[in-house]
Amino acid sequence: MSARATTRPGGRSARVQQSVHQAVRDLEAEVGRDALTVPLIAARAGVTPSTIYRRWGDLRELLSDVAVERLRPDGVPADHGSLRADLEAWAVQFAEEMSSTAGRTYIRDALLGDPEQGNAVRCSDYAAEQLKAIGVRAAGRGEVVPEVEILLDVVVAPLMYRILFRPSDLSEAYSGHLVATALAQRSTPLRA
């Protein structure tokens with residue numbers, strides 16, 4: 001089992017994670033990404049390099065962990081009064097944030113981490129949680145809501161493809177089209 005999976009939310013472990021993550025962010029801004037090393041990060045964080053190696057394994061895994069934390073949404077999506085408006089606003093904001101230079105770097109870092117650690121899954125879970133919150137709110141207004149998996153497949157997956165491989169093809173109209181397509185499928189379950 002990984003150290004991350006057994007880490008308690010408080011105490012020394014949380015302080016170490018916080019100081020190491022902050023050191024990565026600070027050093028990346030000061031000396032650039034290519035200059036980052038485990039010993040440099042450890043010195044800035046006030047820990048030994050062995051602490052970093054024990055917890056994260058290597059620099060790539062540490063950068064993946066930092067990226068996942070940076071990709072964590074700040075709060076619940078804004079309420080725009082209807083399911084369509086909420087989804088459209090969320091999709092546009094998601095595309096803008098993730099297609100920025102920093103956003104694409106964080107996505108790539110998250111994907112470079114060890115698949116067994118689950119960083120990519122954590123990123124997917126963030127999107128699913130946001131979409132679920134929008135759906136719960138819409139259901140409370142009496143709206144028919146598509147399953148989260150439909151929204152992930154029809155809205156998020158195509159956005160991620162464009163963000164990573166064709167960022168110049170992103171637009172509000174494209175995001176709106178994806179939302180409309182997902183809403184049209186809301187009563188049709190996905191078939192295997």
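What's counted below: heavy atoms across the whole structure, side chains too, no hydrogens, waters or symmetry copies.
Proximity of a side-chain donor or acceptor of Arg162 to a complementary backbone N or O of Pro167 within less than 3.5 Å is not detected.
A distance of 11.5 Å separates CD1 in Ile52 from CG in Asp58, rounded to the nearest 0.5 Å.
Between the side chains of Asp109 and Ser64, no donor-acceptor pair of N or O atoms lies under 3.5 Å.
Within 6.0 Å of the CD atom in Glu172, the count of heavy atoms belonging to other residues, nucleotides or ligands does not exceed 12.
Between Ala182 and Val155, the shortest heavy-atom contact is CB-CG2, 3.8 Å. Heavy atoms only, all atoms of each residue included: Cys123 and Val68 are closest at SG-CG2, 3.9 Å. Here the shortest heavy-atom pairing between Gln17 and Trp56 reads CA-CH2, 4.1 Å. The minimum heavy-atom distance between Ala89 and His80, with the atom names listed, is CB-NE2, 3.3 Å. When all heavy atoms of Ala23 and Ile41 are compared, the pair lying nearest together is CB-O, 3.7 Å. Nearest heavy atoms, Leu36 versus Leu59: O-CD2, 3.4 Å.
Under 4.0 Å is where a charged nitrogen must lie from a carboxylate oxygen, and between Lys132 and Asp125 no such pair does. By the 4.0 Å N-to-carboxylate-O rule, Arg141 lies close enough to Asp79 to be salt-bridged with it. Using a 4.0 Å cut-off between a side-chain N of Lys or Arg and a carboxylate O of Asp or Glu, Glu30 and Arg44 qualify as a salt bridge. Ionic pairing of Glu69 and Arg72 is present here: one or more N-O contacts between side-chain nitrogen and carboxylate oxygen are shorter than 4.0 angstrom.
No cation-pi contact links Arg166 to Tyr161, judged by a cut-off of 6.0 Å to the six-membered ring centre and 45° from its axis.
Leu152 is linked by a side chain to side chain contact (heavy atoms under 4.5 Å, CB included) to Ala127, Ala128, Leu131, Val148, Glu149, Val156, counting only residues two or more places apart in sequence or in another chain.
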